[in-house]
Amino acid sequence: FPVTIDVLVLAIVFAFLKVIDLRITFSYLLGVIGFVALFWWLETMNPTLFAPSAKFPEPTYVALVGTVVFASVFLLTDKTTAPRNGFAKIIYGLVAGLITVIIRYFTGSVEGVVYAVLLANAFSPLIDAWVSKKPISLTLGGK
C-alpha cells in the first residue's frame, strides 16, 4: 500500500500542476471498483453463474493493489492518447475499467491493465468523436 499512497500523492501534485486530468483517474478507479463489485455481487447471489476460475475478490482491494493505480495516474492520462472532451474522458476511464476487469477475471492473464490501456487508447478517438458529434478526422485535427 505505500506505493499506492505515493502514486496518489503524485496524482494530486500532477493535477495541481495541470499535467493530468483527474476525471480519467477517478473514472477508471470507479470503473474497476464498480464492475468488480457488480460481478462480485452477481457471484455471491449465484455462485454457479461464472466459471470456477473467475473468483472475484473484495472490490476495494482490487483498486489498491497491482498496477491499477499506476495506470490510472500515469498511463491513461497521456495527453496524446486520451480524449480531449471532458465527458469523453469519463467514458474512456469507465471503458478502460471494464476492459481491465474482463481481461483480469475472464481470461488467463492476471494483469490485464496494460491490455486494457492499449484497447482503451484504440477506442479513444471513437469515444471523443461520439461524444463531440464531430467526424473523426476533425477530432484528430484533420482538415
Side-chain angles (χ1 to χ4, degrees), residues 1-46 49-51 53-143:
F1 290 117
V3 174
T4 302
I5 294 170
D6 293 344
V7 171
L8 290 176
V9 168
L10 278 174
I12 293 169
V13 171
F14 287 161
F16 180 74
L17 296 174
K18 298 188 190 237
V19 175
I20 65 171
D21 191 353
L22 286 180
R23 287 181 280 197
I24 297 172
T25 301
F26 288 137
S27 65
Y28 177 66
L29 291 175
L30 179 72
V32 170
I33 291 172
F35 288 116
V36 167
L38 174 70
F39 292 138
W40 181 66
W41 178 75
L42 288 172
E43 183 183 42
T44 57
M45 297 303 285
N46 186 1
L49 185 64
F50 299 115
S53 62
K55 292 291 180 193
F56 296 98
E58 292 286 331
T60 54
Y61 174 78
V62 172
L64 298 177
V65 295
T67 57
V68 172
V69 176
F70 181 81
S72 70
V73 174
F74 297 111
L75 298 178
L76 286 169
T77 57
D78 183 29
K79 290 190 184 290
T80 58
T81 58
R84 287 157 179 67
N85 189 334
F87 186 63
K89 291 178 182 183
I90 295 171
I91 294 172
Y92 171 73
L94 291 173
V95 165
L98 176 65
I99 294 170
T100 299
V101 171
I102 288 172
I103 291 175
R104 268 188 167 183
Y105 298 106
F106 295 109
T107 67
S109 177
V110 176
E111 199 58 50
V113 175
V114 176
Y115 299 123
V117 169
L118 289 173
L119 286 170
N121 286 342
F123 289 113
S124 176
L126 293 174
I127 295 170
D128 215 8
W130 176 65
V131 170
S132 65
K133 302 215 189 296
K134 291 181 184 176
I136 293 176
S137 62
L138 293 177
T139 305
L140 296 176
K143 295 184 180 192

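Below, all heavy atoms of this structure are taken into account, side chains as well, without hydrogens, waters or symmetry copies. Counting begins at 1 with the first residue of the sequence.
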Practice task
Would you check if Trp130 and Ile91 make a side-chain contact, meaning some heavy-atom pair closer than 4.5 Å?
Solution key: yes
Practice task
Indicate yes or no: at least one non-hydrogen side-chain atom of Phe26 is less than 4.5 angstrom from one of Ile90.
Solution key: no
Rounded at 0.5 Å granularity, tell me how far [atom1] in [X] sits from [atom2] in [Y].
X	Y	atom1	atom2	value
Leu94	Leu29	CG	CG	11.0 Å
Leu76	Lys89	CG	NZ	12.5 Å
Phe70	Asp6	CZ	CG	12.5 Å
Leu75	Thr77	CG	OG1	8.0 Å
Leu30	Arg23	CG	CZ	15.0 Å
Leu22	Ile24	CG	CD1	9.5 Å

Exercise for the section: Only counting residues at least two apart or in another chain, list the ones meeting ring pair (Phe, Tyr, Trp, His ring centres under 6.0 Å) with Phe35. Expected result: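 Checked Phe35 against ring pair (Phe, Tyr, Trp, His ring centres under 6.0 Å); zero matches.
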Practice task
Just jot down the ring pair (Phe, Tyr, Trp, His ring centres under 6.0 Å) partners of Tyr115, sequence neighbours excluded, or say none.
Solution key: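 With neighbours one apart ignored, the set is empty.
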Main-chain N/O of [Y] paired with [X] side-chain donor or acceptor, under 3.5 Å:
X	Y	value
Thr25	Ser72	yes
Asp128	Ala88	no
Ser124	Thr81	yes

Practice task
Give the C-alpha distance, both sets of side-chain angles, the deciding distance and a yes or no for side-chain contact (heavy atoms from CB on, under 4.5 Å) between Val73 and Ile20.
Solution key: CA-CA 8 Å; Val73 174; Ile20 65 171; 4.2 Å; yes
Handout entry: Derivation and outcome, side-chain contact (heavy atoms from CB on, under 4.5 Å), residues Val68 and Tyr28
Key = CA-CA 9 Å; Val68 172; Tyr28 177 66; 3.7 Å; yes
Which heavy-atom pair separates [X] from [Y] by the least distance, and what is that distance?
X	Y	value
Ala120	Tyr92	O-CE1, 3.3 Å
Ala116	Thr100	CB-OG1, 3.1 Å
Val117	Ala71	CG2-CB, 4.3 Å

Handout entry: side-chain contact (heavy atoms from CB on, under 4.5 Å) between Arg104 and Val113, intermediate numbers included
Key = CA-CA 8 Å; Arg104 268 188 167 183; Val113 175; 4.1 Å; yes
